[in-house]
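Accompanying notes for the structure given below.
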Amino acid sequence: MRHFLPLLLLAACTTTPAPTPAADAGGIVDPLSMPAQATVDLNAVPSAETCKPCHPRQAAEWSGSRHAYSMRDPVFQALVGARHAAFAGEQDKFCVQCHSIAGVRSLAVAPGFEFAVLPPVPMEGVTCWSCHAAASIARLHNAGLVMATDGAMRGNLAQPMANPQHGTQAAGFLQSAEFCGTCHEVVELHGLPLERPLSEWQDSPAALAGQSCADCHMPKYDDVAAVGGPQRTGLRSHRFVGLDPPGAREATTAAEQADWAAQRDALLATAATVTVAPGPVKPGGTLTVAVTVQNKIAGHSLPTGSTFIRQCWLEVRAVAADGKVLYESGNFDANDDLRDRWSALAPYGDADLVSFSSAFVDGKGQPTLFPWLATEHHRNQLRAGEKRTYSYFVPVPADVTGPVQLTARLRLRTYPPFLVRLLGLDAALPTVLLTDLATDATAVSL
Ligand code: HEC
Ligand code: HEC
Ligand code: HEC
Ligand code: HEC
Ligand code: HEC
């Protein structure tokens with residue numbers, strides 16, 4: 001592994017190993033997604049580069065997407081390194097089975113593999129082939145796709161035009177939420193559910209309305225599907241906009257990034273609302289503040305996906321007219337970390353903190369950051385459409401200068417800085433992205 005992780009190695013040595021995996025000489029095995037014998041010939045997997053001349057729009061959009069970045073993300077690589085250290089390489093395929101189907105099923109990714117020397121196609125991550133060569137769905141988690149070997153590209157174009165590069169096959173399932181769920185539902189080797197946007201979607205208003213993942217994450221447009229092809233309606237954006245900024249910034253122009261930011265802001269603007277409602281107060285008393293937050297996403301919980309890495313929380317502040325801070329929860333310590341269990345400077349310093357992220361607990365009841373050490377996954381996500389109210393109690397000194405300004409923000413951050421530092425990735429700290437999903441403010445006269 002490229003990343004040397006002294007801290008994590010230490011953690012791996014002092015904790016109980018997870019249950020023994022079904023191991024052979026090639027590490028853990030799953031006949032579908034982590035086969036012992038190669039089921040994919042890497043030479044037969046086309047690079048996204050080969051699609052570019054005929055599908056320039058799809059190729060350009062995809063190349064800035066997280067799917068294209070899924071093997072290059074330094075946080076991913078560092079965590080794979082940590083798992084490598086914890087299991088002496090035995091489980092090196094586990095994390096890669098979805099991030100690169102081609103890599104694991106061709107055995108290019110095997111125990112002890114190095115990202116730096118992998119061939120280009122596995123490094124393309126969730127490349128075009130991962131979706132368009134999927135023949136059928138075998139299970140709804142952990143890369144549950146059966147891959148075709150006929151070279152045909154699957155899609156839903158009506159009467160696709162013939163082309164010299166590839167055959168075509170109709171595949172209605174590509175539009176379904178279940179298709180996305182094959183990779184987006186992540187289950188740990190010992191059975192603990194880690195990510196479950198499909199399960200969340202299954203009882204959501206979006207599912208009832210027949211709205212799938214693609215309807216929000218792959219918005220429609222009208223154009224040609226291929227150079228020289230007929231004009232078509234209802235084609236799908238391949239940016240796969242979500243929370244993250246474009247992955248491979250070097251592959252995207254400034255204009256592309258601006259367009260990406262606009263699409264991301266538009267998506268996130270639909271996610272949530274916050275309202276702050278003060279009760280009555282007199283100087284020398286306590287001001288009760290009701291903060292109501294609602295997940296407006298019809299399709300899944302907030303946050304979703306890697307909820308154990310993401311931070312999603314309420315920040316509440318009360319400030320007197322002279323600038324004196326009367327109350328604060330959800331603010332940062334001097335390291336830009338929340339004052340929670342993981343803060344180096346103020347651990348457990350924010351007793352009122354309301355966080356919607358999830359947390360792992362190990363067999364000894366202790367918090368852990370790593371899914372392979374976890375026996376429980378504690379969740380506090382807001383379900384699709386769910387509204388909750390939290391009360392905050394603000395002490396108001398007798399000599400306070402009014403009015404008191406109250407603000408509440410629902411904030412979402414891609415990674416906590418302490419984790420980035422723990423992984424030795426300080427250079428990546430500037431890429432941590434903090435977004436305010438919703439804000440409300442009001443002034444209380446005294
Ligand atoms: C072959 C596996 C696979 C399939 C199939 C798949 N995804 Fe993904 N997806 C991933 C991986 C892995 C990532 C994380 C990449 C990263 O950021 O490192 C991801 C990331 C994303 C993101 C970015 C999330 C963020 O934080 O910004 C979105 C949005 C997304 N996928 C939507 C979809 C949709 C919609 C579908 C179905 C049409 C789909 N995916 C199908 C594997 C897959
Ligand atoms: C079942 C398929 C699957 C497996 C197995 C899997 N992942 Fe992922 N991973 C995903 C998907 C899908 C996403 C996108 C979720 C999101 O953005 O919230 C993702 C996102 C991530 C991200 C966030 C990247 C970003 O910033 O968007 C990291 C880091 C990551 N995975 C690491 C790992 C590690 C480490 C393992 C092994 C312990 C692992 N993954 C195993 C499918 C998988
Ligand atoms: C020589 C040009 C060419 C190349 C190279 C090419 N395609 Fe195509 N592809 C086409 C044409 C033409 C169509 C049909 C367009 C139409 O009818 O509107 C098509 C259709 C498709 C469809 C839709 C199939 C359906 O049944 O709905 C998919 C998916 C697809 N291509 C994926 C790819 C991928 C992935 C690559 C690279 C691995 C690729 N193509 C490379 C020309 C090409
Ligand atoms: C009604 C629209 C809608 C539907 C349907 C929908 N999403 Fe989302 N999704 C959003 C919004 C808005 C966000 C941004 C908020 C967030 O990041 O949690 C998001 C965020 C995400 C993220 C990034 C989460 C993170 O914080 O890392 C992933 C991954 C994702 N969606 C996957 C899916 C999958 C898979 C499906 C289908 C099972 C789906 N979405 C269905 C609207 C939708
Ligand atoms: C994460 C899965 C995923 C990846 C990766 C992906 N696609 Fe797609 N693609 C889809 C889905 C879903 C559709 C919409 C199918 C439908 O309309 O039913 C689609 C549609 C298409 C179409 C039909 C026209 C359109 O845009 O709707 C073409 C052509 C295509 N993709 C080419 C590509 C190429 C080229 C790449 C790589 C550069 C790529 N795709 C990567 C999922 C994916």
Side-chain angles (χ1 to χ4, degrees), residues 33-34 46-52 54-63 65-83 91 93-102 124-132 134 141-145 153-157 160 168 170-189 194-195 197 212-218 220-221 223-226 229 232 234-245 247 264 267 303-307 309-310 370-372 414-415 419 423 431 433:
S33 59
M34 300 182 284
S47 159
E49 287 296 319
T50 64
C51 323
K52 225 186 212 169
C54 302
H55 302 296
R57 178 163 179 164
Q58 289 84 355
E61 291 182 340
W62 169 85
S63 67
S65 80
R66 300 301 296 191
H67 285 143
Y69 197 57
S70 65
M71 286 290 278
R72 289 186 284 153
D73 179 8
V75 177
F76 175 69
Q77 294 196 358
L79 285 169
V80 171
R83 194 176 184 115
Q91 299 191 5
K93 295 181 208 166
F94 178 78
C95 296
V96 192
Q97 59 184 319
C98 311
H99 286 246
S100 173
I101 289 185
E124 284 182 17
V126 183
T127 188
C128 321
W129 171 91
S130 323
C131 294
H132 289 295
H141 61 272
N142 291 18
L145 293 170
M153 290 296 138
R154 271 80 178 154
N156 284 303
L157 297 178
T168 57
F173 65 78
L174 267 181
Q175 301 180 344
S176 68
E178 285 76 11
F179 169 68
C180 312
T182 57
C183 289
H184 278 263
E185 293 273 307
V186 187
V187 179
E188 198 19 286
L189 210 51
L194 302 181
E195 302 184 18
S212 81
C213 320
D215 291 321
C216 294
H217 293 288
M218 300 182 77
K220 289 183 180 175
Y221 65 92
D223 199 346
V224 295
R232 293 185 178 274
L235 303 183
R236 296 281 189 179
S237 161
H238 277 65
R239 286 193 203 288
F240 301 99
V241 172
L243 167 66
D244 280 300
R264 181 180 166 279
L267 182 77
T304 192
S306 328
T307 49
I309 298 183
R310 307 298 184 206
F370 304 111
W372 55 91
T414 49
Y415 298 116
L419 179 66
L423 295 171
T431 66
L433 190 64

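Note that these values count all heavy atoms, side chains included, but never hydrogens, waters or copies made by symmetry. Atoms within a ligand are numbered from 1 in the order they appear, just like the ligands themselves.
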Atoms of ligand 2, numbered as shown, that sit under 4.0 Å from any heavy atom of Phe94: 5 (C), 37 (C)
Atoms of ligand 5, numbered as shown, that sit under 4.0 Å from any heavy atom of Tyr221: 26 (O)
Any donor-acceptor pair under 3.5 Å from Arg310 side chain to Thr414 backbone: yes
Residue and atom name of the nearest protein heavy atom (relative to atom 16 (C) of ligand 5), distance in Å to one decimal: Asn156 ND2, 3.3 Å
For atom 8 (Fe) of ligand 2, every protein N/O/S atom that sits closer than 2.8 Å, waters excluded: His99 NE2
Residue pair His217 / Val241: nearest heavy atoms and the distance that separates them: ND1-O, 2.8 Å
Sum of protein N, O or S atoms, each under 2.8 Å from atom 8 (Fe) of ligand 5: 2
Subset of ligand 1 atoms that lie under 4.0 Å from at least one heavy atom of Cys213: 35 (C)
Atom 13 (C) of ligand 5: nearest protein contact (heavy atom, Å): Met218 CE, 4.0 Å
Atoms of ligand 2 close to Asp73 [distance to a heavy atom under 4.0 angstrom, numbered from 1]: 24 (C), 25 (C), 26 (O)
Proximal ligand 2 atoms for Arg83, defined as those under 4.0 Å from one of its heavy atoms: 38 (C)
Euclidean distance, Ser63 OG relative to Lys52 NZ, rounded to 0.5 Å: 6.5 Å
Atom pair CD1/CG of Ile309 and Leu79 - distance to nearest 0.5 Å: 5.5 Å
Leu433 CG to Tyr415 OH distance, which is reported to the nearest 0.5 Å: 11.0 Å
Sub-3.5 Å N/O-N/O distance, Gln97 and ligand 2: no
Backbone of Asn142 reached by a side-chain donor or acceptor of Glu185 within 3.5 Å: no
Nearest-0.5 Å distance, CH2 of residue Trp62 to SG of residue Cys131: 10.5 Å
Minimum heavy-atom distance between Ala226 and His55, given as atom pair plus value: CB-CE1, 3.5 Å
Heavy-atom nearest neighbour in the protein, as seen from atom 35 (C) of ligand 2, with distance rounded to 0.1 Å: Leu79 CB, 3.4 Å
Element-labelled atoms of ligand 2 that are located less than 4.0 Å from some non-hydrogen atom of Asn142: 1 (C)
Exam field: side chain Thr168 to backbone Met153, donor-acceptor pair closer than 3.5 Å: no
Atoms of ligand 5, numbered as shown, that sit under 4.0 Å from any heavy atom of Leu235: 24 (C), 25 (C), 26 (O), 27 (O)
His132 side, atom NE2; Gln58 side, atom CD - distance, nearest 0.5 Å: 7.5 Å
Any donor-acceptor pair under 3.5 Å from Arg236 side chain to Ala214 backbone: yes
Parallel, tilted or perpendicular: rings of Phe240 and His67 (30°, 60°): perpendicular
Distance-minimising heavy-atom pair for Gln97 and Ala143: O-CB, 3.4 Å
Nearest protein heavy atom with distance in Å, relative to atom 25 (C) of ligand 1: Asp244 OD2, 3.4 Å
Numbered atoms and elements of ligand 1 in range of Ile101, under 4.0 angstrom, heavy atoms: 1 (C)
Heavy-atom closest contact (Ala225 atom, Leu157 atom, distance): CB-CD1, 3.9 Å
Region of Thr414 that comes within reach of ligand 1 [heavy atoms, distance under 4.0 Å]: neither
Residue, atom name and distance, where the atom is the protein heavy atom closest to atom 23 (C) of ligand 2: Tyr415 OH, 3.8 Å
Phe370 heavy atom under 4.0 Å from ligand 2: no
Those atoms of ligand 2 less than 4.0 Å from some heavy atom in Glu185: 1 (C)
Identity and separation of the nearest protein heavy atom to atom 24 (C) of ligand 1: Gly242 CA, 4.4 Å
For the student: nearest non-hydrogen atoms of Val224 and Gly229, plus distance: CG1-O, 3.2 Å
Interfacing atoms of ligand 2 (cut-off 4.0 Å, heavy-atom, Gly305): 18 (O)
Close approach, Ala214 and ligand 5, non-hydrogen under 4.0 angstrom: no
Under 3.5 Å: donor-acceptor pair, side chain of His99, backbone of Ser70: yes
Rounded distance [0.5 Å steps], CE in Met218 versus OG in Ser237: 6.5 Å
Side-chain heavy-atom pair Gln91, Leu189 within 4.5 angstrom cut-off: yes
Nearest non-hydrogen protein atom, atom 28 (C) of ligand 2: Ile309 CD1, 4.2 Å
Non-hydrogen side-chain atoms of Gln175 and Asp215 separated by less than 4.5 Å: no
Non-hydrogen side-chain atoms of Asp73 and Asp244 separated by less than 4.5 Å: no
Short N or O distance, Tyr69 and ligand 1, threshold 3.5 Å exclusive: no
Per-residue contact class, Leu194 against ligand 2 - non-hydrogen pairs under 4.0 Å: neither
Any donor-acceptor N or O pair under 3.5 Å, side chains Glu195, Thr307: no
Contacting atoms of ligand 1, where contact means under 4.0 angstrom from a heavy atom of Val241: 29 (C)
Shortest non-hydrogen separation from Ile101 to Trp129 and the atoms involved: CG2-CZ3, 3.8 Å
Gln77 and Val80, any side-chain heavy atoms less than 4.5 Å apart: no
Where at least one partner belongs to residues 54-63, residue pairs that pass salt bridge (Lys or Arg N to Asp or Glu O under 4.0 Å), sequence neighbours excluded: Arg57-Glu61, Arg57-Asp223
Donor-acceptor under 3.5 Å (Ser176 side chain, Phe179 main chain): yes
Which of the ligand 1 atoms, numbered from 1, are nearer than 4.0 Å to a heavy atom of Arg310: 26 (O)
Sub-4.0 Å heavy-atom contact, Glu188 with ligand 2: no
Any His141 heavy atom less than 4.0 Å from ligand 2: no
Parallel, tilted or perpendicular: ring planes of Phe370 versus Trp372, cut at 30 and 60 degrees: parallel
Protein N, O or S within less than 2.8 Å of atom 8 (Fe) of ligand 1, waters excluded: His67 NE2, His184 NE2
Taking atom 17 (O) of ligand 5 as the reference point, the nearest protein heavy atom with its distance: Gln175 NE2, 3.5 Å
Distance-only polar pair, side chains of Ser47 and Glu124, donor-acceptor under 3.5 Å: yes
